[in-house]
Amino acid sequence: MPDDATDAYICDLFATEDAPLRAARERHDALGLPPIHVSPDEGRLLFVLLRSIGARRVLEIGTLGGYSGIWIARALPADGRLVTIEREPAHAEAAARSFAEAGVADRIEQLVGDATERLASLEPPFDAVFVDADKEPMPHYYQEAMRLLRPGGLLLGDNAFFHGRVLDPDDRGADVEGIRTFARLAAEDPSLDATIVPVRDGLVVGVKRPA
Ligand code: SAH
Ligand code: DHB
Ligand code: MG
């Protein structure tokens, strides 16, 4: 659990894709971008979580083709802001087209560059940070996300299970270890209340405590 049938049930009821979301996914395929965007049910979960806190200013690390960005931007008010960082210019260009087609480009600021270098120049407060890029630096992304989040803000981290590799104690890959450390930091940090929602590849969800 969840399996393909429960995923499909959730998607059919709550997360049916409209034309701009479908177009964003089809653009991935056409341009040969890796098919590692969030699923519709995970996109819907991000949307509901952001709505629940009235998020206005969100940071995403890992834009890819903009699929998750559309879900996130749609959760924001018209004067809200998504800042999203992407290292690969071709991914960022695809995302820019998908954001324009979805009518959310005015709410999105795209930063093209390496997140490990660009995060330091960002200033708090953000209402939520979605960490969904390379996995080895996830402990660094954790520290930067906690610096940037306001009290009551949401820490969101994709790929908590990394296709089951996180659960295999013999797998000591640097990417897997980065994800494990991210989860352990989230679990043990006295300034965060967190868990893993077992949606698809696992989503770390945490709320930053008041100072
Ligand atoms: N959030 C997207 C999926 C992101 S996939 C969605 O659900 O639609 C991960 C992305 O992170 C890829 O596009 C990859 O190029 C980018 N990435 C990997 N390492 C990065 C880094 N150090 N800085 C910025 N982007 C990075
Ligand atoms: C992979 C999947 C992801 O969702 C991601 O953010 C990065 C990598 C993967 O399957 O390799
Ligand atoms: Mg991911």
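One-based numbering, in listed order, for ligands and for the atoms of each.
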Protein residue, atom and distance nearest to [atom], heavy-atom basis:
atom                   : value
atom 6 (O) of ligand 2 : Asp132 OD1, 2.7 Å
atom 7 (C) of ligand 2 : Lys135 CE, 3.4 Å
atom 9 (C) of ligand 2 : His163 NE2, 3.5 Å
atom 3 (C) of ligand 1 : Asp132 OD2, 3.2 Å
atom 8 (C) of ligand 2 : Ile36 CD1, 3.8 Å

Just let me know how [X] lines up against ligand 1, side chain, backbone, both or neither, with a heavy-atom cut-off below 4.0 Å.
X     : value
His37 : both
Trp71 : neither
Glu60 : side chain
Thr63 : backbone

Task: Distance-only N or O hit between ligand 1 and His28, under 3.5 Å - done: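 No; the residue has no nitrogen or oxygen that sits under 3.5 Å from a nitrogen or oxygen of the ligand.
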Which ligand 1 atoms, with their elements, are less than 4.0 angstrom from a heavy-atom of [X]?
X      : value
Ala115 : 21 (C), 22 (N), 23 (N), 24 (C)
Glu88  : 15 (O)
Gly113 : 23 (N), 24 (C)

Compile the donor-acceptor pairs under 3.5 Å between side chains in residues 148-164 and protein atoms, sequence neighbours left out, one pair per line.
from, atom 1, to, atom 2, distance (Å)
Arg150, NE, Asp127, OD1, 2.6
Asn159, OD1, Lys135, NZ, 2.9
Asn159, ND2, Asp201, OD2, 2.8

TODO: Test the Arg44-Phe14 pair against the cation-pi criterion, namely NZ or CZ under 6.0 angstrom from the six-membered ring centroid and within 45° of the ring axis.
DONE: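 Because its charged atom misses either the 6.0 Å distance or the 45° angle limit, Arg44 does not stack over Phe14.
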TODO: Answer with yes or no whether the side chains of Glu86 and Thr63 bring together a donor and an acceptor at under 3.5 Å.
DONE: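 The answer is no; no qualifying pair exists.
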Task: Hydrophobic cluster (4.5 angstrom, side-chain heavy atoms) - remaining members for Leu31 - done: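 Listed partners: Leu33, Ile36, Leu64.
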TODO: State yes or no: do Tyr141 and Val83 share one hydrophobic cluster built from I, L, V, M, F, W and Y residues joined by side-chain heavy-atom distances below 4.5 Å, directly or via other members?
DONE: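 Cluster IDs for Tyr141 and Val83 match.
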Task: Atoms named by residue and atom, protein N, O or S, within reach of the Mg ion (ligand 3) (under 2.8 Å) - done: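 Metal shell, protein only: Asp132 OD1, Asp158 OD2, Asn159 OD1.
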Task: salt bridge (charged side-chain N to carboxylate O under 4.0 Å, His left out) partners of Arg180, counting only residues at least two apart - done: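 By the salt bridge (charged side-chain N to carboxylate O under 4.0 Å, His left out) rule, Arg180 matches Glu177.
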